[in-house]
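Have a look at the structure below before the remarks.
Quick note: residue numbers are just sequence positions, from 1.
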Amino acid sequence: PFLMGIGIYAGDTQHTLHVLSSRMYFLLFAAAILIYSIVILLNKDYQIIYSIIGIAFSILIVLYIFSFFIQINEKIKLQN
């Protein structure tokens with residue numbers, strides 16, 4: 001539903017809903033990658049490198065998204 005929200009809420013008219021939908025989509029995508037990586041780690045048929053790459057990628061996604069939250073908070077503080 002959040003990927004659909006990115007398309008429904010245009011970035012130029014409903015910016016807040018568009019940004020919220022895109023952030024939630026990528027956070028849930030990172031959570032799905034993390035869950036699959038844990039399952040791959042527990043499965044002996046796969047090599048450990050695949051789960052390590054998945055865990056690292058999901059951590060990078062989360063850090064990238066939260067860096068936007070920090071930047072927005074700093075801009076709000078500067079405006080006040």
Side-chain angles (χ1 to χ4, degrees):
F2 291 109
L3 183 59
M4 183 176 61
I6 296 170
I8 290 174
Y9 304 121
D12 56 349
T13 58
Q14 298 172 331
H15 183 70
T16 305
L17 292 173
H18 179 79
V19 170
L20 178 68
S21 296
S22 62
R23 286 184 184 163
M24 289 304 297
Y25 170 73
F26 284 108
L27 282 175
L28 291 174
F29 187 67
I33 292 172
L34 185 64
I35 291 170
Y36 277 107
S37 297
I38 292 170
V39 170
I40 289 172
L41 186 64
L42 296 175
N43 191 347
K44 300 298 180 192
D45 294 336
Y46 295 101
Q47 296 178 1
I48 295 176
I49 189 71
Y50 296 121
S51 65
I52 293 172
I53 291 171
I55 291 169
F57 186 68
S58 64
I59 290 171
L60 285 175
I61 291 173
V62 170
L63 290 176
Y64 183 71
I65 291 172
F66 282 117
S67 70
F68 285 121
F69 288 126
I70 293 169
Q71 290 174 1
I72 289 171
N73 287 337
E74 288 177 359
K75 287 181 183 178
I76 291 171
K77 288 179 185 178
L78 290 176
Q79 289 176 356
N80 292 332

Hydrophobic clusters here meaning ILVMFWY residues chained together by side-chain heavy-atom distances under 4.5 Å, can you tell me if [X] and [Y] are in one?
{"X": "Phe57", "Y": "Ile65", "result": "yes"}
{"X": "Ile8", "Y": "Leu17", "result": "yes"}
{"X": "Tyr25", "Y": "Leu28", "result": "yes"}
{"X": "Ile61", "Y": "Ile40", "result": "no"}
{"X": "Leu42", "Y": "Tyr36", "result": "no"}

[X] and [Y]: which non-hydrogen atoms are nearest, and at how many Å?
{"X": "Gln14", "Y": "Tyr9", "result": "OE1-CD2, 2.9 Å"}
{"X": "Ser58", "Y": "Ala30", "result": "CB-O, 3.4 Å"}
{"X": "Gly54", "Y": "Ile33", "result": "O-CG2, 3.3 Å"}

Decide if atom CD1 of Ile48 counts as having more than 12 heavy atoms of other residues, nucleotides or ligands within a radius under 6.0 Å. no
State, with a plain yes or no, whether a side-chain heavy atom of Ile49 is found less than 4.5 Å away from one of Ile53. yes
Taking atom CG of Leu41 and atom OG of Ser37, what is their separation to the nearest 0.5 Å? 8.5 Å
